[in-house]
Amino acid sequence: MSHKYELPKEVIEIYEGIKNMSIRGAGKIAKHAVTALVKAAEAFKGDETRDFLKYMEYVGSYLKSARPTAVSLPNAIMYVLTKLRKASVTSVDEGKQIVASLAQDFIKRADEALKIIGELGSRRIENGDIIMTHCHSTAATSVITTAYKKGKVSVVYVKETRPAFQGLITAKTLAEEGLEVIIIPDSSVRYFMKKVDKVVVGADTVAANGAVVNKIGTSLVALAAKEARVRFYVATETFKFSPYTLLGELVPIEVRDPREIVDEEWLKENRGVKIFNPVFDVTPPEYIDAIITEKGVIPPQAALLLLIEDYGADLREIGTNTPTVWEE
Ligand code: RUB
């Protein structure tokens, strides 16, 4: 890919890592994105503040284009760049310092949020509860492990989460914490739901109406939970709430390479077969009992209030989240 500016290798590595999913999960994506902004700022060579600010905007839109669905990515970049824009920076060095301290602040808040979510969420789990989870979410894992440390969780059913099998990461993480974990095939969700007391999942994006976008298959878990009258909780930091949905934008659903489902050879042997690989889906607010955030446990319908509190004043400046298309 050719760039308008020479970008440091760490920035390109983070972009590629997000794109190829070696850096994955909405929270981790956000933290790596602000780290990439710091690396980019440090590498800037010029003396003109205006050039520095333009360069940072360029890096921000480049990083945002890595993956489309998790709003944590544009929100994290906006956290740094909006404040940088407003800071009336007078020198490049000052700009670099501001980027570093905003990124540090974002990461610190994100880490604190995970702990608070763990604590608040654990209060929703009762003694002996059997939990089901989907994909790998650090926020959901924080709730489950905190509840376990209070002696509350008996078993966790972890869906394998095809095609990328992020459930295996969750299973390993929870087992290392000492929990009893059972991996189940994705297609068995309804079969096992009758044994489950609570579902806890994460989020990539929360829309203004309280709908939650998360790894494909989440909405089927929610459907099965509703049928079985099992409580369905979403654990998420508020930086995954989408201000763009306040402006009526839809959340783009990422469609990935068919080779994540079948290999190249199979594709060649079966050229007539089309494969479609959407990797996120939307769970409507009616299927969600509560959203566990660092600002409190809220009904999904209150997402709008949190969004107005966080972004209401800046709404005119937020603009669109339509990703730039980068030539490769
Ligand atoms: C990950 C996924 C996770 C959310 C929340 O998808 O859907 O449930 O990102 O994770 P992918 P966290 O593996 O495609 O990135 O709570 O860690 O932010």
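Just the heavy atoms: all of them, side chains too, but no hydrogens, waters or symmetry mates, feed the values below. Order of listing sets the numbers, starting from 1, for every ligand and every atom in it. Residue numbers run from 1 in the order of the sequence given.
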Exercise. Ignoring angles and geometry beyond distance, decide whether E237 reaches within less than 3.5 Å of ligand 1 through its nitrogen or oxygen atoms.
Key: no
Quiz item: Atom CE in M78, atom OH in Y311: separation rounded to 0.5 Å?
Solution: 5.0 Å
Quiz prompt | Distance from atom 5 (C) of ligand 1 to nearest protein heavy atom, with residue and atom | solution = A203 O, 3.3 Å
Quiz item: Of all the heavy atoms in H136, does at least one lie under 4.0 Å from an atom in ligand 1?
Solution: yes
Quiz item: Closest non-hydrogen protein atom to atom 17 (O) of ligand 1, residue and atom name please, with distance?
Solution: T138 OG1, 2.5 Å
Self-check item: Test side chain to side chain donor-acceptor pair (under 3.5 Å) applied to D204 and T69, step by step
Solution: CA-CA 7 Å; D204 286 88; T69 300; over 6 Å; no
Quiz item: Who's closest to atom 2 (C) of ligand 1 heavy-atom-wise, of I169, T170, D204, T141?
Solution: D204
Quiz prompt | contact_flag K240 ligand 1 heavy-atom lt 4.0 Å | solution = yes
Practice problem: Rounded to the nearest 0.5 Å, what's the gap from CZ on R109 to CD on E112? Could you check? | Solution: 8.5 Å
Exercise. Scan side-chain atoms only and decide if S22 and N20 contain a donor-acceptor pair under the 3.5 Å cut-off.
Key: yes
Self-check item: Side-chain H-bond candidate by donor/acceptor type, E180 with S154, under 3.5 Å
Solution: no
Self-check item: atom 10 (O) of ligand 1: nearest protein contact (heavy atom, Å)
Solution: S137 CA, 3.5 Å
Exercise. Measure the OG1-NE2 distance between T283 and H134 for me, rounded to the nearest 0.5 Å.
Key: 9.0 Å
Quiz prompt | Under-4.0 Å heavy-atom contact with ligand 1, by part of A235 that carries it | solution = neither
Quiz item: Should I29 be counted as touching ligand 1, given the test is an N or O pair under 3.5 Å?
Solution: no
Quiz item: At the 4.0 Å heavy-atom cut-off, does H134 count as touching ligand 1?
Solution: no
Self-check item: ligand 1 versus M21: contacting region, heavy-atom distance under 4.0 Å
Solution: side chain
Quiz prompt | Interatomic spacing from CD1 in I125 to OH in Y148 - rounded to 0.5 Å | solution = 14.5 Å
Quiz item: Near N214, which atoms of ligand 1 are under 4.0 Å from a heavy atom of that residue?
Solution: 2 (C), 3 (C), 4 (C), 7 (O), 8 (O)
Quiz item: So is there a nitrogen or oxygen of F280 less than 3.5 Å from a nitrogen or oxygen in ligand 1?
Solution: no
Self-check item: Donor-acceptor contact below 3.5 Å, side chain T205 vs main chain V71
Solution: yes
Quiz item: Considering only protein heavy atoms, which is closest to atom 6 (O) of ligand 1, and at what distance to one decimal place?
Solution: K215 CE, 3.3 Å
Quiz item: Looking only at N/O atoms, are G202 and ligand 1 under 3.5 Å apart anywhere?
Solution: no
Exercise. Tell me which part of Q166 gets within contact of ligand 1: side chain, backbone, both or neither, using heavy atoms under 4.0 Å.
Key: side chain
Quiz item: How about Y62 and Y15: are their ring centroids closer than 6.0 Å?
Solution: yes
Quiz item: Out of curiosity, K115 NZ to D111 CG, how far, rounded to the nearest 0.5 Å?
Solution: 6.5 Å
Quiz item: atom 13 (O) of ligand 1: which protein heavy atom is closest, and how many Å away?
Solution: R24 NE, 2.4 Å
Quiz item: Roughly how far, to the nearest 0.5 Å, is NE2 of H32 from CD of E10?
Solution: 12.0 Å
Practice problem: Compute the minimum heavy-atom distance from C135 to ligand 1 and say whether it is under 4.0 Å. | Solution: yes
